[in-house]
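Sequential numbering from 1 along the given sequence is applied to the chain's residues.
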Amino acid sequence: MKIHEVIEGLKDYSVTGNSDLEINGLTFDSRNVQKDDLFIAVKGLTVDGHHFIDQAVENGASVVVCEKGMGKTQQGITYIEVPNTRKALGIIASNFYGNPSKELQLIGVTGTNGKTTIATLLYNIHLALGYSAGLLSTIEVKINGRSYTATHTTPDPLRINYYLREMVDTGCGYCFMEVSSHAVSQERIAGLTFKGGIFTNLTQDHLDYYATFREYLEAKKSFFDRLTNDAFAIVNKDDRNGPVMIQNTFAQTYTYSLTKQADYRGRIIEMSMDGTHMNINGKDIWIRLPGKFNAYNILAVYGTALLCGHSEIEILKAVSEMYPVKGRFEIIQGRGNIMAVIDYAHTPDALLNALQTINEVLPQGSQVITVVGAGGNRDRTKRPKMAKIAVAYSNMVIFTSDNPRNEDPDIIIEEMVAGLTQDQISGILRIVNREEAIKTACMMANAGDVILVAGKGHETYQEIKGKRYSFDDQEIVKKNLK
């Protein structure tokens with residue numbers, strides 16, 4: 001592909017050198033550069049790609065994209081200077097792969113909680129309805145049933161467009177994609193054409209990255225600001241930030257709600273650990289997903305599927321046949337009628353949702369035992385809040401290690417416990433070793449009790465001091481609840 005073809009759509013750029021060159025590939029990692037590649041120097045959180053331009057050229061790059069005033073020119077190398085290389089990367093990647101997002105019905109899902117469940121259910125429902133589809137989620141990337149391991153909630157632009165191109169080439173008509181706030185702020189979705197956007201909710205998260213909650217909100221909102229007038233935006237009307245998301249969007253707007261008049265209105269009739277009986281726009285339906293939070297997820301899925309042009313009856317039938325997504329309020333039945341719930345809840349609101357759901361359907365005389373920690377090198381202000389919620393809605397809480405990353409897990413637990421009173425502290429356990437904590441919870445449980453193991457959900461590793469060690473909450477629970 002020629003340089004002038006891959007830079008189509010860039011604004012306020014300048015070219016030094018030959019813009020008619022043919023490039024073989026794209027990369028923003030100087031170590032991966034091959035002969036006649038285009039290297040994009042991206043400023044990361046800890047590393048600036050501009051420091052590796054010389055290495056990229058030495059490895060064979062014939063074209064360098066850099067920010068204005070950052071590149072030192074070398075003879076025979078073409079330099080393209082842009083205001084923002086992150087944004088340029090998205091546009092260039094889309095062009096290089098033939099703008100695959102324009103050939104798909106690409107639907108983005110954003111919000112603090114519910115993204116994975118909604119995106120995955122939409123993917124599964126479309127397969128069930130006979131359509132070819134793709135999925136880009138926290139858990140995995142799927143293309144018509146084939147699965148790839150996911151590394152981020154939203155991958156980098158090169159990987160996104162690579163997957164989207166493969167989806168198009170294998171006949172997919174739809175792609176459902178989680179859109180994290182980081183992805184929006186870091187321009188990972190630049191150059192993509194979305195047919196629709198879904199907003200779930202907004203609660204405290206990522207305040208290690210954003211200075212204020214308002215910044216976090218604005219990052220989510222800017223996703224909807226980018227939608228065009230031939231796209232749709234569907235938002236949770238019961239979340240006070242739902243209407244805010246669509247204030248400035250050009251997209252056609254729709255709402256869903258459990259408490260207010262909305263385009264897609266739901267009402268919970270009955271709940272149990274097995275699922276939820278609810279009414280959606282006048283139609284009764286039983287879903288295998290328990291909890292109020294899942295009722296919201298189902299409304300978002302229902303509304304989106306209708307906006308994609310599918311039959312209401314077919315949608316409701318497919319929805320009623322769906323199972324919980326891996327690690328999202330996933331239930332494991334153990335010995336003597338003891339039940340364990342594996343949930344990704346790693347924010348105060350998500351933990352509250354999980355515990356409230358359990359308490360609403362808990363048999364009389366049964367107890368809730370919660371095993372919970374908090375991730376290292378992440379928003380520290382949510383730690384005491386999560387501890388308070390765990391204690392308020394559980395009969396016993398065991399504080400343990402999550403993914404401590406580069407922090408001391410003992411200190412993380414101390415910061416969680418700091419949110420408790422002395423009386424509350426006397427009634428909790430601290431077991432840093434996560435396997436021992438889960439094992440202890442299983443030993444303490446009696447018939448009818450429910451154990452919530454929160455924080456890691458689908459993850460099959462524990463991240464400690466820069467290394468990932470094999471660890472699966474499900475396996476530990478199953479072993480100890482035989």
Side-chain angles (χ1 to χ4, degrees), residues 268 270-276 288-295 324 327-374 382-402 413 416-457 472-482:
I268 294 173
E270 186 181 1
M271 277 196 304
S272 73
M273 289 294 280
D274 296 322
T276 307
R288 293 185 172 111
L289 286 71
K292 187 177 178 182
F293 65 97
N294 270 322
R328 270 52 177 186
F329 212 86
E330 194 171 3
I331 296 170
I332 296 172
Q333 192 72 49
R335 67 173 190 276
N337 203 29
I338 297 171
M339 196 175 286
V341 176
I342 309 294
D343 196 82
Y344 189 53
H346 61 285
T347 66
D349 186 62
L351 184 62
L352 178 62
N353 284 337
L355 283 167
Q356 282 182 332
T357 297
I358 292 169
N359 277 279
E360 283 169 357
V361 297
L362 191 72
Q364 192 169 4
S366 298
Q367 297 195 93
V368 180
I369 303 169
T370 298
V371 179
V372 66
K382 67 183 180 183
R383 294 173 185 175
K385 296 177 183 177
M386 290 178 68
K388 285 180 182 177
I389 291 167
V391 170
Y393 289 88
S394 309
N395 299 96
M396 169 56 70
V397 179
I398 303 173
F399 291 104
T400 189
S401 180
D402 190 288
I413 293 172
M416 294 185 78
V417 172
L420 306 178
T421 65
Q422 285 303 313
D423 283 347
Q424 288 173 326
I425 290 172
S426 65
I428 57 106
L429 291 176
R430 307 182 209 199
I431 304 175
V432 173
N433 184 297
R434 191 173 179 90
E435 182 170 359
E436 284 300 315
I438 295 171
K439 182 179 178 181
T440 301
C442 293
M443 289 171 62
M444 294 171 64
N446 295 309
D449 289 350
V450 177
I451 302 165
L452 172 64
V453 181
K456 290 174 56 57
D472 189 331
D473 284 351
Q474 284 194 35
E475 286 183 3
I476 307 300
V477 167
K478 286 176 181 177
K479 184 171 73 175
N480 287 283
L481 276 187
K482 281 182 180 177

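The shortest side-chain heavy-atom distance between V368 and L355 falls under the 4.5 Å cut-off. Taking 4.5 Å as the limit, some side-chain heavy atom of I338 sits within range of a side-chain heavy atom of I451. Annotation: side chain of M273 is not in contact with side chain of P290 (no heavy-atom distance under 4.5 Å). Annotation: side chain of K479 is not in contact with side chain of K439 (no heavy-atom distance under 4.5 Å). In this structure the side chain of D343 never reaches within 4.5 angstrom of the side chain of V453, judged on heavy atoms.
With rounding to the nearest 0.5 Å, the separation of CD1 in I438 from OG1 in T400 is 7.5 Å. Between the CG atom in L352 and the NZ atom in K388 there is a gap of 13.5 Å [rounded to 0.5 Å]. One finds the CG atom of N395 at 7.5 Å from the CG atom of L362 (value rounded to the nearest 0.5 Å). Interatomic distance, OG of S366 versus CG of N337, reported as 8.0 Å (0.5 Å rounding). For the atom pair D449 CG and Q367 CD, the distance stands at 5.5 Å (nearest 0.5 Å). To the nearest 0.5 Å, atom CG of residue L429 and atom CD1 of residue I369 are 10.0 Å apart.
Among residues two or more places apart in sequence or in another chain, the side chain to side chain contact (heavy atoms under 4.5 Å, CB included) test is passed with S401 by P404, P409, V432, Q462. Partners of A350 by side chain to side chain contact (heavy atoms under 4.5 Å, CB included), not counting sequence neighbours, listed by chain and number: N113, A345, T347. Scored by the salt bridge (charged side-chain N to carboxylate O under 4.0 Å, His left out) test, R383 finds E407, E415 as partners (sequence neighbours excluded). By the side chain to side chain contact (heavy atoms under 4.5 Å, CB included) test, K478 pairs with I332, Q474, sequence neighbours left out. Partners of E475 under the side chain to side chain contact (heavy atoms under 4.5 Å, CB included) rule, at least two apart in sequence or in another chain, are D472. With sequence neighbours excluded, no residue forms a ring pair (Phe, Tyr, Trp, His ring centres under 6.0 Å) with F399.
Taking both residues in full, the closest heavy atoms of M444 and M396 are given as CE-CG, 3.4 Å, listed atom of the first, atom of the second, then distance. In plain terms, the two heavy atoms of Y393 and Q356 that are nearest each other are OH-NE2, 3.5 Å. Taking every heavy atom of both residues into account, M386 and L351 meet most closely at O-CD2, 3.4 Å. Summarising the geometry of V477 relative to C442, their closest heavy-atom pair is O-SG, 4.4 Å, with the distance given to 0.1 Å. Minimum heavy-atom separation, R430 to V417: NH2-CG1, 3.8 Å. The two residues M271 and V361 make their nearest non-hydrogen contact at O-CG1, 3.4 Å.
Screening D473, L452, I331 for a side chain to side chain contact (heavy atoms under 4.5 Å, CB included) with I342, the sole residue that qualifies is D473.
With hydrogens and angles ignored, the 3.5 Å screen pairs a side-chain donor or acceptor of T276 with a backbone N or O of L289. The closest donor-acceptor contact from the side chain of N480 to the backbone of M443 lies at 3.5 Å or more, if one exists at all. For S426 (side chain) and D423 (main-chain N/O), a donor-acceptor pair under 3.5 Å exists by modelled atom type. Under a 3.5 Å cut-off, the side chain of T421 and the backbone N or O of Q424 do form a donor-acceptor pair.
Between F293 and F329, the gap from one ring centroid to the other is short of 6.0 Å.
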| said: Quick one, K456 with D402, criterion side chain to side chain contact (heavy atoms under 4.5 Å, CB included). Give me CA distance, side-chain angles, the key distance, then yes/no. | reply: CA-CA 7 Å; K456 290 174 56 57; D402 190 288; 3.7 Å; yes
